[in-house]
*Asks:* 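Dropping a structure here in structure tokens format, bear with me for questions.
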There are 2 protein chains.
Amino acid sequence: MADIYRALADPTRRAVLDELYERDRQTLFEICGRLTMKHGVASSRQAVSQHIDVLEEAGLVRVEREGRYRFHTIDTAPLREIAERWPARGREDGPT
Amino acid sequence: MADIYRALADPTRRAVLDELYERDRQTLFEICGRLTMKHGVASSRQAVSQHIDVLEEAGLVRVEREGRYRFHTIDTAPLREIAERWPARGREDGPT
DNA sequence: ACAATAGGCAAGCAGTCACTTGCATGTCAA
DNA sequence: TTGACATGCAAGTGACTGCTTGCCTATTGT
């Protein structure tokens with residue numbers, strides 16, 4: 001499994017996660033369209049596809065294939081590694 | 001303030017955070033030595049210095065100058081942005 | 001079958017990044 | 001003051017990354 005931190009390093013990939021967080025089970029074309037419309041990100045289909053590959057390898061996005069469609073779903077579980085690696089200590093107020 | 005995600009993207013920078021998480025107020029030379037000894041990271045002083053610059057710009061490391069020493073301290077507060085951007089939802093089990 | 005749709009693969013290119021190298025600044029002890 | 005120590009600055013280099021380009025495969029509708 002690839003590097004989750006490196007996967008998060010790119011702003012377009014974070015926008016993809018934002019979009020999938022709002023709406024699950026989107027296809028590549030849906031993600032592309034919505035990135036352009038709502039997130040002001042103008043990336044080609046191939047570019048977004050490559051970004052999704054990285055997110056998938058990091059375990060942040062899961063894919064279900066159905067016919068000629070590929071539905072993408074966010075998985076926030078791997079993000080916990082970050083919070084658990086450097087937990088807030090003592091006086092710094094903790095998570096909600 | 002620079003990109004916290006990009007700051008975390010490099011494994012050496014994460015090792016620096018690990019080290020500072022274990023022990024606060026370390027100088028550059030201390031960090032270099034401990035990175036080599038305990039984390040198996042062999043980076044030059046200049047390389048580590050540049051990494052620390054990135055961490056500092058991301059707000060993850062704070063610096064106190066005293067005489068000819070610079071003491072570095074981790075600040076985990078900016079990490080909360082990540083957990084708050086894509087909070088775990090519904091059935092996915094939450095943090096401890 | 002045929003065209004249209006959704007996606008996949010891979011080479012090439014330009015920009016960025018981490019690292020090195022070499023020298024400069026500032027502080028402390030003797 | 002002088003040398004040793006801790007750090008700072010900046011140019012150059014090789015590798016990596018994100019993106020494009022061009023073509024290919026698979027599925028669906030008519």
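Model, not experiment: these values are computed from the prediction.
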*Asks:* Rounded to the nearest angstrom, tell me the gap between atom CZ in B:F71 and atom P in D:dA6.
*Replies:* 11 Å
*Asks:* Whole Å only: how far is the CD atom of B:E56 from the P atom of D:dG8?
*Replies:*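 After rounding, the gap between these two atoms is 9 Å.
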*Asks:* Assuming nearest nucleotide by heavy-atom distance, tell me which of B:V54 and A:H72 is located more 5' along DNA chain C.
*Replies:*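 Counting from the 5' end, the first nearest nucleotide belongs to A:H72.
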*Asks:* Answer with yes or no whether A:R13 presents, from its side chain, a donor or acceptor under 3.5 Å of a partner atom in the base of D:dG18.
*Replies:*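 No, the side chain and the base share no sub-3.5 Å donor-acceptor pair.
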*Asks:* Check whether the side chain of A:Q50 and the base of D:dT17 form a donor-acceptor pair under 3.5 Å.
*Replies:*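 Per atom types, no contact qualifies.
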*Asks:* Taking all non-hydrogen atoms of both residues, which atom of B:F29 and which atom of B:R45 are closest, and how far apart?
*Replies:*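 Heavy-atom minimum between the residues: CE1-CD, 3.5 Å.
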*Asks:* Look at the side chain of A:S43 and decide which nucleotide, out of D:dG18, D:dC19, D:dT7, has an atom nearest to it.
*Replies:*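 Selected nucleotide: D:dC19.
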*Asks:* With distance as the sole criterion, do the side chain of B:R70 and the base of D:dT7 form a donor-acceptor contact below 3.5 Å?
*Replies:*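 Answer no: no donor N or O sits under 3.5 Å from an acceptor.
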*Asks:* Nearest whole angstrom, please: distance from the C1' of D:dC16 to the NE2 of A:H51.
*Replies:*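 Interatomic distance, NE2 of A:H51 to C1' of D:dC16: 14 Å.
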*Asks:* Taking the minimum atom-to-atom distance to the side chain of B:R6, which one of C:dA18, C:dC17, C:dG8 wins?
*Replies:*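 Output: C:dC17.
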*Asks:* Which residue lies toward the 5' end of DNA chain D, A:A47 or B:T27, if each is placed at its nearest nucleotide?
*Replies:*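 Comparing both residues, the 5'-ward one is B:T27.
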*Asks:* Can you measure B:Y69 atom OH to C:dA29 atom C1' for me and round it to whole angstrom units?
*Replies:* 11 Å
*Asks:* May I ask you to verify if any side-chain N or O of A:S44 is less than 4.0 angstrom from the OP1 or OP2 atom of D:dT20?
*Replies:* yes
*Asks:* Taking only the side-chain heavy atoms of B:Q46 (C-beta and beyond), determine which of D:dT7, C:dC17, C:dT21 contains the nearest atom.
*Replies:* C:dT21
*Asks:* Just wondering, do A:H51 and A:D10 contact through their side chains at under 4.5 Å, heavy atoms?
*Replies:* yes
*Asks:* Under a plain distance cut-off of 3.5 Å, with no hydrogens placed, do B:Y69 and B:E64 share a side-chain donor-acceptor pair?
*Replies:* no
*Asks:* Could you state the atom-to-atom distance from CD1 of B:I52 to C1' of C:dA18 in whole Å?
*Replies:* 15 Å
*Asks:* Considering only C:dG8, D:dG8, D:dG18, which nucleotide approaches the side chain of A:R65 most closely?
*Replies:*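 So the side chain of A:R65 is nearest to C:dG8.
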*Asks:* Using whole Å, report how far CG of B:L28 lies from P of C:dT27.
*Replies:* 17 Å
*Asks:* For the pair made of CG in A:D53 and P in D:dC19, what is the distance, rounded to whole Å?
*Replies:* 13 Å
*Asks:* Round to a whole Å and report the spacing from CZ of B:R45 to C1' of C:dT25.
*Replies:*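 Between C1' of C:dT25 and CZ of B:R45: 12 Å.
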*Asks:* Do A:P87 and B:Y21 have side-chain heavy atoms sitting under 4.5 Å apart?
*Replies:*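 Side chain of A:P87 against side chain of B:Y21, heavy atoms only: contact under 4.5 Å found.
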*Asks:* Please determine, for the side chain of B:R68, which listed nucleotide (C:dG7, C:dC28, C:dA4) has the closest atom?
*Replies:*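 Of all the options, the side chain of B:R68 is nearest to C:dC28.
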*Asks:* Between A:R65 (side chain) and A:F71 (backbone), is there a donor-acceptor pair under 3.5 Å?
*Replies:*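 Such a contact is absent between A:R65 side chain and A:F71 backbone.
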